Amino acid sequence: MDKQNHLGNVRVVLSHTSHPGNIGAAARAMKTMGLRHLYLINPRHFPDPQADAMAAGADDILRNAVVCSSIDEALQGVVFTVAMTARLRDISIEVKTPREAMPELLQQAAQQPVAMLFGTEMSGLTNEEMGKAQVLVNIPTNPDFSSLNVAAAVQVMSYELSAAAQDFVPRVQEVQPASHEQVEGYFAHLEKVLFEIGFFTTQNPSRLMQRLRRLYARARPEAEEINILRGILSVTTEYNARLKKRYSEEHSDVQEH
Ligand SMILES: C[S@@+](CC[C@H](N)C(=O)[O-])C[C@H]1O[C@@H](n2cnc3c(N)ncnc32)[C@H](O)[C@@H]1O
């Protein structure tokens, strides 16, 4: 397969970028390595002359950039997301180096859109944003000074991707991986059912949901597996409703006697 086919399925997603110059520098970094799809989640200033200036000729990438109002919008249709983190804090999912992450990223990109997600300049990615990825990637750095400028991080990842794509041969993949929206639909359904059956009464749902996200991120569920899991949830809801109905009938009998 042509290298361009892999790279053409890769989205660079920048979340809540504050400085428009960083968006331009990221576009330039992408273009030098053959990447073209830039997605921006709620950038503070965009379009902006500073972005144009820092793009230095990568203005086509800026022109075609997709501005989104949420991470779910930016990841729509994506089957594999790596989240870039400078700090190894509150680690909830697998952490890899760029080189370790590339084979899976390229394998998935051979057929479907994939994403590399970068955080905002001041605070990086939130736990919620990281929970939407399958893998965390940390660029190994000086442990005492580990935070790269976001555009520099885009440059490192774009280079690693382009280098790994040179002689990458994807495996034949017969299964259909679940898309971002299928996985998110499943989590929303799971959370609703766990509330219905009373599972959350003594637990902090967001913490528990983060742990469940980690479990499913490791499993990399296929589209069909998500359908099976949702089928189980639907039957659980029906069964729970029948139990509640029977309980209230029995209870009203007791009151009548
Ligand atoms: C300036 S950094 C944010 C720093 C923030 N204080 C933090 O600790 O997360 C902006 C973004 O660049 C990426 N980044 C910077 N350094 C990185 C590193 N060493 N490894 C992976 N990503 C990095 C991450 O996506 C990060 O959210």
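Being a predicted model, the structure only gives us computed values, none of them experimental. Side chains included, hydrogens not; waters and symmetry mates left out as well; all remaining heavy atoms used. Just so you know, ligand 1 is whichever comes first in the structure, and atom 1 is the first atom listed for that ligand.
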S.K.: Does an N or O from Leu117, backbone or side chain, lie closer than 3.5 Å to an N or O of ligand 1?
M.R.: no

S.K.: Would one find an N or O of Ile139, backbone or side chain, under 3.5 Å from an N or O of ligand 1?
M.R.: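 So ligand 1 has an N or O lying under 3.5 Å from an N or O of Ile139.
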
S.K.: For Ser15 and Glu129: C-alpha separation, side-chain torsions, deciding distance, then whether side chain to side chain donor-acceptor pair (under 3.5 Å) applies.
M.R.: CA-CA 9 Å; Ser15 180; Glu129 286 175 319; 2.4 Å; yes

S.K.: Answer yes if Met102 and Phe118 sit in the same cluster of Ile, Leu, Val, Met, Phe, Trp and Tyr residues linked by side chain heavy atoms under 4.5 Å apart, and no otherwise.
M.R.: yes

S.K.: Examine the proximity of ligand 1 to Ala152 and report which part, side chain or backbone, both or neither, has a heavy atom under 4.0 Å away.
M.R.: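 Answer for Ala152: neither.
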
S.K.: Going by the closest heavy atom to atom 18 (C) of ligand 1, which one wins out of Pro98, Ala86, Pro140?
M.R.: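 Result: the heavy atom closest to atom 18 (C) of ligand 1 is in Ala86.
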
S.K.: If you measure from each non-hydrogen atom of Asn149 to ligand 1, which part falls under 4.0 Å: side chain, backbone, both or neither?
M.R.: neither

S.K.: Contact between Leu161 and Leu105 at the side-chain level, heavy atoms closer than 4.5 Å - yes or no?
M.R.: yes

S.K.: Using a strict cut-off of 4.0 Å, indicate which atoms of ligand 1 neighbour a heavy atom of Thr141.
M.R.: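 Selected atoms, number and element: 19 (N).
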
S.K.: Which of the atoms of ligand 1 are close to Val137, meaning less than 4.0 Å from one of its heavy atoms?
M.R.: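 Listed by number with element: 21 (C).
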
S.K.: Using a 4.0 Å cut-off to any heavy atom of Ser147, which atoms of ligand 1 qualify?
M.R.: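 Those qualifying, in numeric order: 1 (C), 2 (S), 4 (C), 16 (N).
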
S.K.: Just by distance, with hydrogens left out, do Gln173 and Gln107 show a side-chain donor and acceptor under 3.5 Å apart?
M.R.: yes

S.K.: Report yes or no: does Met157 have a heavy atom closer than 4.0 Å to ligand 1?
M.R.: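 No, Met157 has no heavy atoms under 4.0 Å from ligand 1.
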
S.K.: From Leu233 CG over to Glu238 CD, what is the distance, rounded to the nearest 0.5 angstrom?
M.R.: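 If we round to the nearest 0.5 Å, Leu233:CG and Glu238:CD are 11.5 Å apart.
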
S.K.: Would you call Arg213 and Glu128 a salt bridge, taking side-chain N to carboxylate O under 4.0 Å as the test?
M.R.: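 Looking at Glu128 together with Arg213, the answer is no, because their closest N to O distance does not fall below 4.0 Å.
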
S.K.: With heavy atoms of Thr120 as the reference, note each atom of ligand 1 found under 4.0 Å away.
M.R.: 3 (C), 10 (C)

S.K.: If you group Ile, Leu, Val, Met, Phe, Trp and Tyr by side-chain heavy-atom gaps below 4.5 Å, do Val12 and Val135 land in one group?
M.R.: yes

S.K.: Heavy-atom contacts under 4.0 Å between Ala153 and ligand 1: side chain, backbone, both, or neither?
M.R.: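 Looking at Ala153 and ligand 1, just side chain atoms fall under 4.0 Å.
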
S.K.: Regarding ligand 1, does Phe118 bring an N or O atom to under 3.5 Å of one of the ligand's N or O atoms?
M.R.: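 No - when backbone and side-chain N and O of Phe118 are compared with those of ligand 1, no distance drops under 3.5 Å.
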
S.K.: Between the side chains of Asn22 and Glu121, does any donor sit under 3.5 Å from an acceptor?
M.R.: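 Present: a donor and an acceptor within the cut-off.
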
S.K.: Val150 heavy atoms, cut-off 4.0 Å: which ligand 1 atoms fall inside?
M.R.: 10 (C), 11 (C), 12 (O)

S.K.: Does Met122, backbone or side chain, put an N or O under 3.5 Å from an N or O of ligand 1?
M.R.: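 Yes; the residue has a nitrogen or oxygen that sits under 3.5 Å from a nitrogen or oxygen of the ligand.
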
S.K.: Under 4.0 Å between a Lys/Arg side-chain N and an Asp/Glu carboxylate O for Arg36 and Asp60?
M.R.: no

S.K.: Which atoms from ligand 1 have a heavy atom of Ser146 less than 4.0 Å away?
M.R.: 16 (N), 18 (C), 19 (N)

S.K.: Which of the atoms in ligand 1, numbered in the order shown and given with their element, are less than 4.0 Å from a heavy-atom of Gly124?
M.R.: 3 (C), 5 (C), 9 (O), 27 (O)

S.K.: Please state which part of Glu121 comes within less than 4.0 Å of ligand 1, counting heavy atoms only: side chain, backbone, both or neither.
M.R.: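 The part of Glu121 near ligand 1 is the backbone, not the side chain.
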
